[in-house]
Amino acid sequence: MNNTEIFGRDCLMDLPVSFRVIGIGEDTADIIETVKSYGYDCVEASVITNPYGCIPTDEDKLVIIVARDNESHANTIAKTFHDAGVLTLGLLDDADFDCFDSVVLEPIYTEYPKFIKAILQPIATQGMIDYGFNDLKTNLADTRYFFIKSVTSYGNGRVAEAVDFIKSALTSSNLIKTIEWISIFLYFNRDGQQPLAKQEITALSNFVSDLPKNINVIWAAYPDDSIKKEAIKFSIISAGKDLGNG
C-alpha cells in the first residue's frame with residue numbers, strides 16, 4: 001500500500017467515532033498501536049503520511065495529534081480540525097499554537113501513550129463520579145498548554161501519598177501559580193483487597209481546598225480493574241495559557 005492509499009484509508013473515511021488520535025509519520029506507529037490496545041470503542045487511532053486532505057467528520061469532537069519529526073505536517077492537519085471547532089490537542093515539539101487548543105507542556109515522546117490514556121480514559125469509560133467530554137473541553141479549550149501527571153500508590157496512606165506526589169510535581173515545576181484549570185482523577189480496583197475508604201478521600205478534598213481560589217477544579221472517580229487490588233492511581237490534567245511561566 002503506497003502513501004496515498006494509506007492517507008485515503010485513514011483520513012477520508014467517515015468514521016463512526018467521536019475521538020481521534022492521529023500519528024504523523026510511520027515513526028509514530030508504536031504509539032498508535034498502543035492506543036488501539038486500550039480498546040476504546042469511541043476512539044479511532046491511525047498513522048498518516050500525507051498532511052493534505054485530512055479532514056474532520058461531523059462526528060469528530062476531539063483529535064490528539066502526535067508527531068516526532070513531522071511538526072509542519074502536524075500543524076497543517078491540526079489547523080484543519082481546530083478551524084472546524086474540534087478540540088485539538090498536540091503532543092509534539094515546535095507546535096504552532098494557532099493550530100491547537102492546547103499543547104503538552106513537556107513533550108516526552110516515551111510518555112505519549114500514558115498522556116493519551118490519561119486524556120481518553122475518563123471520557124471513554126464509565127465512572128462512579130463521571131467526567132465527560134464537555135468537562136475535558138471546558139478544561140482544555142483555548143488554554144495553550146496542558147500538563148499531565150500520574151502516580152500509583154499502595155497500602156495504608158496511599159491516597160495521601162499520591163496527593164503529596166502530585167502536589168510536589170506542581171510546586172517544584174512552578175506550575176501552581178499559572179494553572180487555570182485542573183482535572184483530577186482517582187482510579188481504584190473494584191475488587192481491591194483494601195477497599196477505598198471514605199476517610200482516604202480527605203487527603204484529596206484537602207488538596208482541592210488548598211489550591212488557589214483562581215484555579216477551576218473538576219474531579220472524578222473511576223473503577224479500573226487493570227490496577228493491582230491494593231493500589232490506587234491518581235492523575236491530573238492541568239492547563240493554562242501561561243502554564244509554567246510563573
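Numbers here simply count residues along the sequence, with the first being 1.
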Is a donor on one side and an acceptor on the other found under 3.5 Å between the side chain of [X] and the backbone of [Y]?
{"X": "Tyr131", "Y": "Trp219", "answer": "no"}
{"X": "Asn75", "Y": "Glu71", "answer": "yes"}
{"X": "Asp135", "Y": "Gly132", "answer": "yes"}
{"X": "Asn216", "Y": "Glu180", "answer": "yes"}
{"X": "Asn139", "Y": "Trp181", "answer": "no"}

(request) Give a yes or no on this: more than 12 heavy atoms of other residues, nucleotides or ligands lie within 6.0 Å of atom NZ of Lys137. (result) no
Can you check whether [X] reaches [Y] side chain to side chain, under 4.5 Å on heavy atoms?
{"X": "Tyr154", "Y": "Lys228", "result": "yes"}
{"X": "Lys117", "Y": "Thr34", "result": "no"}
{"X": "Asp69", "Y": "Ile24", "result": "no"}
{"X": "Ile64", "Y": "Arg20", "result": "no"}
{"X": "Val21", "Y": "Ile31", "result": "no"}
{"X": "Phe207", "Y": "Leu170", "result": "yes"}
{"X": "Ile237", "Y": "Ile182", "result": "no"}
{"X": "Lys233", "Y": "Val151", "result": "no"}

(request) For side chain to side chain contact (heavy atoms under 4.5 Å, CB included), just list the numbers for Phe81 and Cys54, CA-CA rounded to whole Å, side-chain angles, deciding distance to a tenth of an Å, and then say yes or no. (result) CA-CA 9 Å; Phe81 283 87; Cys54 186; 4.1 Å; yes
Just verifying a value: how many Å separate [X] [atom1] and [Y] [atom2], rounded to the nearest 0.5 Å?
{"X": "Leu120", "Y": "Thr125", "atom1": "CG", "atom2": "OG1", "value": "10.0 Å"}
{"X": "Leu89", "Y": "His82", "atom1": "CG", "atom2": "NE2", "value": "10.0 Å"}
{"X": "Lys61", "Y": "Asn134", "atom1": "NZ", "atom2": "CG", "value": "7.0 Å"}
{"X": "Ile166", "Y": "Ser238", "atom1": "CD1", "atom2": "OG", "value": "9.0 Å"}
{"X": "Thr171", "Y": "Lys177", "atom1": "OG1", "atom2": "NZ", "value": "11.0 Å"}
{"X": "Ile119", "Y": "Ile148", "atom1": "CD1", "atom2": "CD1", "value": "4.0 Å"}

(message) Exactly one of Ile236, Ile179, Val208 should register a side-chain contact (heavy atoms from CB on, under 4.5 Å) with Val217. Which one does?
(response)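 Single side-chain contact (heavy atoms from CB on, under 4.5 Å) partner of Val217 among Ile236, Ile179, Val208: Val208.
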Locate the shortest heavy-atom distance separating [X] from [Y]; write the atom from each residue and the value.
{"X": "Asn70", "Y": "Gly25", "value": "ND2-CA, 4.0 Å"}
{"X": "Ser150", "Y": "Ser235", "value": "OG-OG, 2.6 Å"}
{"X": "Tyr38", "Y": "Lys114", "value": "OH-N, 4.3 Å"}
{"X": "Tyr109", "Y": "Asp27", "value": "OH-O, 2.6 Å"}
{"X": "Val35", "Y": "Ala45", "value": "CG1-CB, 3.8 Å"}
{"X": "Pro223", "Y": "Gly127", "value": "CD-CA, 4.3 Å"}

(message) Centre-to-centre under 6.0 Å for Phe133 and Phe19, is that the case here?
(response) yes
(request) Verify the ring-centre separation between Phe234 and Phe185: is it less than 6.0 angstrom? (result)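 Distance test on ring centres: not under 6.0 Å, no.
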(request) Consider only side-chain N and O atoms of Ser209 and Asn206, and report whether a donor and an acceptor are under 3.5 Å apart. (result) no
(message) Under the criterion side chain to side chain contact (heavy atoms under 4.5 Å, CB included), I'd like the reasoning laid out for Leu62 against Ile123: C-alpha separation, chi angles, the key distance, then a yes or no.
(response) CA-CA 11 Å; Leu62 163 70; Ile123 60 175; 3.8 Å; yes
Can you give each donor-acceptor pair under 3.5 Å made by side-chain atoms of residues 91-103, sequence neighbours left out, with the distance rounded to 0.1 Å?
residue : atom : partner : partner atom : Å
Asp96   : OD1  : Asp98   : N            : 3.0
Asp101  : OD1  : Asp142  : N            : 3.1
Asp101  : OD2  : Thr88   : N            : 3.0
Ser102  : OG   : Thr143  : OG1          : 2.9
Ser102  : OG   : Tyr145  : N            : 3.3
Ser102  : OG   : Tyr145  : O            : 3.2
Ser102  : OG   : Phe146  : N            : 3.3

(request) Apply side chain to side chain contact (heavy atoms under 4.5 Å, CB included) to Phe188 and Met128, showing your working. (result) CA-CA 11 Å; Phe188 61 95; Met128 292 187 65; 3.1 Å; yes
(request) Could you go through the side chain to side chain donor-acceptor pair (under 3.5 Å) check for Asp224 and Gln121 one step at a time? (result) CA-CA 10 Å; Asp224 184 343; Gln121 186 172 7; 2.9 Å; yes
(request) Under the side chain to side chain contact (heavy atoms under 4.5 Å, CB included) rule, what do Leu175 and Phe147 come out as? Steps first, then yes or no, please. (result) CA-CA 9 Å; Leu175 299 179; Phe147 175 83; 3.5 Å; yes
(message) Regarding Glu161 and Arg158, does a basic nitrogen lie under 4.0 Å from an acidic carboxylate oxygen?
(response) no
